[in-house]
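All remarks here apply to the structure that follows.
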Amino acid sequence: MGFFEHKETIEENDTVIVYISNDDLFPIIAKSGDVKQTKFGAVKHNEIIGKKFGCRYDCARGYVYLLFPNPEIWTLSLPHRTQILYTPDISRIIFELGLSNGKVVCESGTGSGSLSHAIARGIYPNGHLHTVEFHEERSKKARVEFEHHGLSKNITVYHRDVCEQGWPTEVDHKADAVFLDIPAPYKAIEHVKRALKLEGGEFCNFSPCIEQVQETCEKLREGGFTNIKTIECINSQTTVKSSHFPMPDFGVDYSELEEAGIMPKDCEKIGKYVKRLEKGSRPKTQNLKEEAGQEEAKEDLKLTECNFVVKSALAKRSQYGHTGYLTFARLPPRDNTL
Amino acid sequence: MNLIKDGDRAIIGHDGIYKIMVVKKGKHASFAKHKFAWDACIGRSWGHTWQIQQGKLEKLDSNEACGESVVSKVLDNIQSGADNRNAADLSEKGQNLERECIMEMREEKKGEELIEKIARGNADFESKTRFTQEKFVRHKQKKHGGRIEILKPSMNLIVHQKLAVERTKGAYFDVHEFATMIAMANIHANSKVLLADHSSCFLSGAILSKLKGGSGELVSVFQGQLGDSPPHVPLQNYEFPDEVWDQLLYYPAKSLGKATISGDFELPELKDEDEDLPPQAKKQKTDTEDNKREEDKSRISRRERQEKRLKKYSRAVELMKEKLECLIIAPKHHPLPWLFMLLPFLKPSCPFVVYCDKKEPLMEIFNKLHERKSAVMLSINSVFERTVQVLPMRTHPEVHMPGNRGYVLYGISVL
C-alpha cells in the first residue's frame, strides 16, 4: 500500500491502525481469515476488508475505529524495537532540516523507523532517504516495513556502523541534510561532512545526555559548522475532561450564608449537575452533562445536588518530559573558489 | 550549482537574526548598522559568511566562518584573571572608549582588531576570568563584528525571519507551534490541503513550498467576497515558479455559508468589458489612439485575470466536492465555527489541526467534537522549549525562553 496515498477502502494486505483510545492503538495487516483480539472483543479481518477507513467497527463489548496510517499515529502505534522519537521532536527536526520534495537525507540509526517515516513524507515523492542501522535484525525488519508501506523507492536501509564507515560512497556529497541519533555522534562528524553536499547543508543531532551534546558541539565547531544551536522541547498533551467539586457542608444552608453577606450571590446555583448514562457507550466512560436548574428527573437520569462541574484540559499524571537535546547546525559551502 | 544573481531575494543574517533583501548590482544595503555593497557576492555561491569591511564584502574562508576563531584571536594576547573577586561593579563605568569613537573605528579596522580595541578599552578587562572575557567578546562580535551570511531563501529561514519580526509585535505563533502544525497535518507534495490561514500567509507559503514539484493542491478559504483573491504579497519572498502558483486555489468564506446549506457553490461571473472599468479609463475612452491601445491592454489583462481567478475558484470547488486530505485552521477569529464549517470537506480518517493562542476555544471544540463523535485522537498540544548554551564547563539552559505561545488541537476525522 502507499503510506502517503490516501484511499477510501480497506483492501487485503493494507496496514490498518486499530484505534481504541489515545493511549491504545496498534497496527494490523489486513489478511483474510486472521483475527485480532482486543479488550473489546475480536476484530475479524474478513469483516474489515471492504470497509471504509475512518469507520467504526463494533466488537462484542464495545467498538474500535479503523484508521488510515500516517507518520504521527504510526509513531504512537508502531512495534518498538528501540526507544523512539515522538512527534514534538520529529516535527521540529523536519522543519529545521528544511526538508521538501526531492531532497536527499542521510540518517543513522534507523531504530524502529519512527523518524524515518516522517522524513520520507518530507521528501516524498522524488527525494531519497539513506538510513544506516548497525543492528542487523533491526535493519532487516525496517526494510520489510518500508517495503510493505510502499516506500522502498524512497528509503534505502544499510546495515553498517556509521562511526566506522559512514554512509556508502555512492552517497558522498549528495545529502542536503543529515540526522544522527546514535550513542557517539561526535565520532561520525567527519562522515557527516563527507555525506553533505559541497554547497553545504543542514545537520541535526539528537542526544539524551548533555555530555554527548557537549562533545558533539565541540566537534562541530572544529569541523567548521556554523549556527550551532541546541534546544530542548517538552510537549504537554492534554485532553478535556469534566471534573466535579462537591460543595462543602458548613452545617447551614447556603441561602442563609448568602443573605448574611458571607457567601457571594448564586453560590448554590452553579452547584447542581445531572449525571446520565448514555446507551451504547463503552462500559467505563460516562458522558456528564451539566444542566443547571433542571427540576424533573427522567428515568435514566440521576439528579445529584451541589456538585460544581468544570471542563478542564488535563495532562496525564505522568508523561514524556525530557526525551533529548536537539542540536542543529549548518555546514557552509566548502568550495572556496565559488 | 546555484549562484547569487542580480535581482535575487536573499536572506541576510547572523546568529539567528535574519532579514530578507533583494540583491542589487551597483547598490548598497545595510545590516546591523553596517553598510555594504552587493557587488562582491554576485556570481558567488550561497551560504558563505562575509565580513563587511569599509563598505565592501570580503568572503571569509570556511575555517573562519564559525565566530569562535575571532574569540581566540582576540584573547590570545590578553591576560585573564583567576576569578572575579576584584571585578568592578556592573554599575560603574565599564567602557573607556566613547560610542562615537567605536562607530568611527568600525569603518577602519578589521573585525578582530576592533573587538580587541573595545576589549582593551573595557575597565579591568585583564583581571576578569577567561569565561567572562569570552562572553564579552562574543557579545561585542555580535554587535560590532560586521559578519553576515548570505543565504538562499528557504521555507524555514523565511519563517524564522518573519516570526522574529512578528515576535516584537506580540505575535501570533512561534516556530515550534508552526512546525507542529505542518507536521501533524500530514502534508507532502501530493497532498490535497484545505487551509484557513489569516496569519499573513505564513502557512500558505510554507504549504506551497511543501507542495512544490508534486501533484498536491492547496485550497485556501479566505475572508472575502466572490471575485476577490486572498493576500499574496508576502508569498513573493519564496519566488515560486508558475507551476507552484497554479497549485494555489481559493474560495471566499462569504460564499461558503450558502454552499454548505444548499450545496450550491457560487462562482464569479466574467464581467463585461466596459462594466467596472475605473472612472479614469472610462474618461479616456473617447480620446486619442494611444489611449485606446493602453485601454485595450488593461482590458485584456483584466479579462485574463478574471478568467484565471474563475479557473482557480472552479478547481477549488471541484476539490471541496471531492473532499480533501488535510485541514489546517489558524484564524484570528474564534476557531470553532471555522472547524465545523470546513470539517465536512475533509475525507474520513484524515488529520486536522487547529491553532489558537488561548486554550479555552480549543477546549470548546474538543467537547463538541467528542459529543458529535466526529473525530478521534483528539489532543491539545503545547510545548515548553528552551535553548541550551553548550560550552566547555559552562553548559546550562539559557535564562530567557519563549513563554507559552499557543496551543494546537489535533484530531483525525471519522465517518
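Quick caveat: nothing in here was measured; it's all calculated off a predicted structure.
A ring-centre distance under 6.0 Å is not found for A:Phe3 and B:His188.
With sequence neighbours excluded, no residue forms a salt bridge (Lys or Arg N to Asp or Glu O under 4.0 Å) with B:Glu364.
Using a 4.5 Å cut-off between heavy atoms, A:Thr87 contacts chain B through its side chain alone, with no backbone atom that close. Of the atoms belonging to A:Glu222, not a single heavy atom falls under 4.5 Å from chain B. Contacts between A:Cys217 and chain B at a heavy-atom distance below 4.5 Å involve the side chain alone, from C-beta outward. In this structure, chain B has a heavy atom under 4.5 Å from the side chain of A:Leu76, while its backbone stays farther away. Interface residue B:Asn367: only side-chain heavy atoms are found under 4.5 Å from chain A. When heavy atoms are compared at a cutoff of 4.5 Å, A:Ser236 approaches chain B by way of both its backbone and its side chain. Contact of A:Asn235 with chain B is made through backbone and side chain together, with heavy-atom distances under 4.5 Å. Only the side chain of B:Leu151 comes within less than 4.5 Å of a heavy atom in chain A; its backbone stays farther off. For B:Leu378, the part lying near chain A is the backbone, with the side chain staying farther off; criterion is any non-hydrogen pair under 4.5 Å. Using a 4.5 Å cut-off between heavy atoms, B:Leu391 touches chain A through backbone and side chain atoms alike. In this structure, no portion of B:Tyr407 lies under 4.5 Å from any heavy atom of chain A. In this structure, chain B has no heavy atom under 4.5 Å from any part of A:Ala118. Interface remark: A:Leu67 contributes backbone and side-chain atoms alike to the contact with chain B (heavy atom separation under 4.5 Å).
Between B:Ser209 atom OG and A:Leu99 atom CG the span is 11.5 Å, to the nearest 0.5 Å.
Chosen from B:Lys212, B:Met155, B:Met184, the residue pairing most often with chain A at heavy-atom distances under 4.5 Å is B:Met184. Per-residue counts of heavy-atom pairs under 4.5 Å with chain A were compared for B:Pro397, B:Ala206, B:Ala189, B:Ala179; the largest is that of B:Ala179. Note: B:Thr387 leads B:Ile4, B:Thr180, B:Thr387 in heavy-atom pairs under 4.5 Å with chain A. The candidate with the highest count of non-hydrogen atom pairs below 4.5 Å against chain B, out of A:Leu326, A:Val213, A:Leu25, A:Asn70, is A:Asn70. Most heavy-atom pairs under 4.5 Å with chain B, from the set A:Asn227, A:Ile231, A:Ile234, A:Ile90: that is A:Ile234.
Under the 4.5 Å side-chain criterion, counting only non-hydrogen atoms from C-beta, B:Ser382 is not in contact with B:Val408. You'll find the side chain of B:Phe352 reaches within 4.5 Å of the side chain of B:Leu339, heavy atoms only.
Under the 30°/60° scheme for interplanar angles, the aromatic rings of B:Trp50 and B:His48 are found to stand perpendicular. Taking the six-membered ring for Trp and thresholds of 30 and 60 degrees, A:Phe68 and A:Phe53 have ring planes more than 60 degrees apart, a perpendicular arrangement.
With B:Phe202 as the aromatic partner, B:Lys162 meets the cation-pi criteria of under 6.0 angstrom to the ring centre and within 45 degrees of the ring axis. Taking the centre and axis of the six-membered ring of A:Tyr63, the NZ or CZ atom of A:Arg56 falls inside the cone set by 45° and 6.0 Å.
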Show me the donor-acceptor pairs, under 3.5 Å and distance only, between side chains in residues 202-209 of chain A and residues at least two apart or in other chains.
| residue | atom | partner | partner atom | Å |
| --- | --- | --- | --- | --- |
| A:Glu202 | OE2 | A:Arg330 | NE | 3.3 |
| A:Asn205 | ND2 | A:Ser207 | OG | 3.0 |

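Checked against A:Leu66 for a side-chain contact (heavy atoms from CB on, under 4.5 Å), the options A:Ile17, A:Asp14, A:Val18 give a single hit: A:Val18.
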